[in-house]
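Here is the structure we will look at.
Naming convention: chains lettered A, B, ... in sequence-line order (proteins, then strands); numbering from 1 in each chain. Fair warning: this is a prediction, and the values are worked out from it, not measured in the lab.
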Amino acid sequence: KAGVTQTPRYLIKTRGQQVTLSCSPISGHRSVSWYQQTPGQGLQFLFEYFSETQRNKGNFPGRFSGRQFSNSRSEMNVSTLELGDSALYLCASSSRTGYGNEQFFGPGTRLTVL
Amino acid sequence: DAKTTQPPSMDCAEGRAANLPCNHSTISGNEYVYWYRQIHSQGPQYIIHGLKNNETNEMASLIITEDRKSSTLILPHATLRDTAVYYCIVRVAGRDDKIIFGKGTRLHILP
């Protein structure tokens with residue numbers, strides 16, 4: 001079974017631009033979660049989508065948004081980029097069927113904001 | 001806030017068992033203990049999880065104390081490829097997929 005894939009793997013943007021990151025979950029998984037990882041703050045939860053609906057949201061400004069499509073693929077968007085948005089953005093999928101719904105992470109997208 | 005406490009770093013000789021401790025003194029009755037690890041610049045990798053019984057899989061063993069206030073992840077024969085940050089997490093399995101990561105333990109495997 002193919003793992004979680006994220007595109008692009010690396011991205012360089014400048015302040016004020018916007019960016020869209022993509023995540024394809026493991027086949028059959030309907031839950032997709034997004035995380036931001038920075039050296040200072042560690043791994044932080046952004047949001048979770050299940051069946052095209054946002055189910056959970058972390059403490060991030062409204063510049064961070066996401067969506068999920070009917071095939072469970074998900075995108076996250078960051079508008080008006082700031083230097084502090086430079087980070088590794090990780091996507092994770094799970095079957096969310098109850099016991100043992102461990103999350104499987106993708107390799108991440110490394111975003112650099114100049 | 002993370003509900004777990006882990007030492008910031010540990011060393012282990014290659015070929016020996018690596019024992020990583022975790023304190024979760026406020027764990028609730030319906031919360032599981034999960035372990036993930038993150039090798040440099042890769043996404044976190046699920047290792048194992050358990051509720052109250054000890055668990056073992058092909059990667060590791062998880063020993064949970066009887067009062068469930070602490071646990072130990074055991075890598076039986078550590079190799080250099082086990083060098084990573086190990087995260088101990090408590091969460092209710094199945095309720096939501098939000099994981100609160102702490103700082104984790106940086107495990108160094110020494111040749």
- [ ] Go through A/Phe104, A/Phe47, A/Phe105 and name the one with the most non-hydrogen pairs under 4.5 angstrom from chain B.
- [x] A/Phe105
Open item on the list: In the structure I gave you, are the side-chain heavy atoms of B/His24 and B/Lys3 within less than 4.5 Å of one another anywhere?
Closed with: no
Open item on the list: Does any part of the side chain of B/Leu75, heavy atoms only, come nearer than 4.5 Å to the side chain of B/Tyr86, both counted from C-beta?
Closed with: yes
Open item on the list: Is there a salt bridge (Lys or Arg N to Asp or Glu O under 4.0 Å) between A/Lys13 and A/Asp85? Walk through the geometry before answering.
Closed with: CA-CA 10 Å; A/Lys13 292 284 189 179; A/Asp85 297 333; over 6 Å; no
TODO: Check each atom of A/Gln37 against the heavy atoms of chain B and say whether the ones under 4.5 Å are side chain, backbone, both or neither.
DONE: side chain
Open item on the list: If I measure from the heavy atoms of chain B, does A/Leu90 come under 4.5 Å with its side chain, its backbone, both, or neither?
Closed with: side chain
Open item on the list: Quick check on the interface: out of B/Gln42, B/Gln38, B/Gln45, who has the most heavy-atom pairs with chain A under 4.5 Å?
Closed with: B/Gln38
TODO: Please collect all ring-ring contact (aromatic ring centres under 6.0 Å, His included) contacts where either partner lies in residues 51-93 of chain A, sequence neighbours excluded, each pair once.
DONE: A/Phe60-A/Phe64
Task: Close contacts, residues 107-114 of chain A versus chain B, judged by heavy atoms under 4.5 Å - done: A/Pro107, A/Arg110
Task: Distance-only side-chain donor-acceptor flag, B/Ser9 / B/His108, under 3.5 Å - done: no
Task: Residue pair A/Gln41 / A/Thr38, side-chain donor-acceptor N/O under 3.5 Å - done: no
Task: Evaluation steps, side-chain hydrogen bond (donor to acceptor under 3.5 Å, both in side chains), between B/Thr65 and B/Asp67 - done: CA-CA 5 Å; B/Thr65 57; B/Asp67 63 7; 2.8 Å; yes
TODO: Could you check whether the rings of B/His49 and B/Tyr32 sit parallel, tilted or perpendicular, using 30° and 60° as the cut-offs?
DONE: tilted
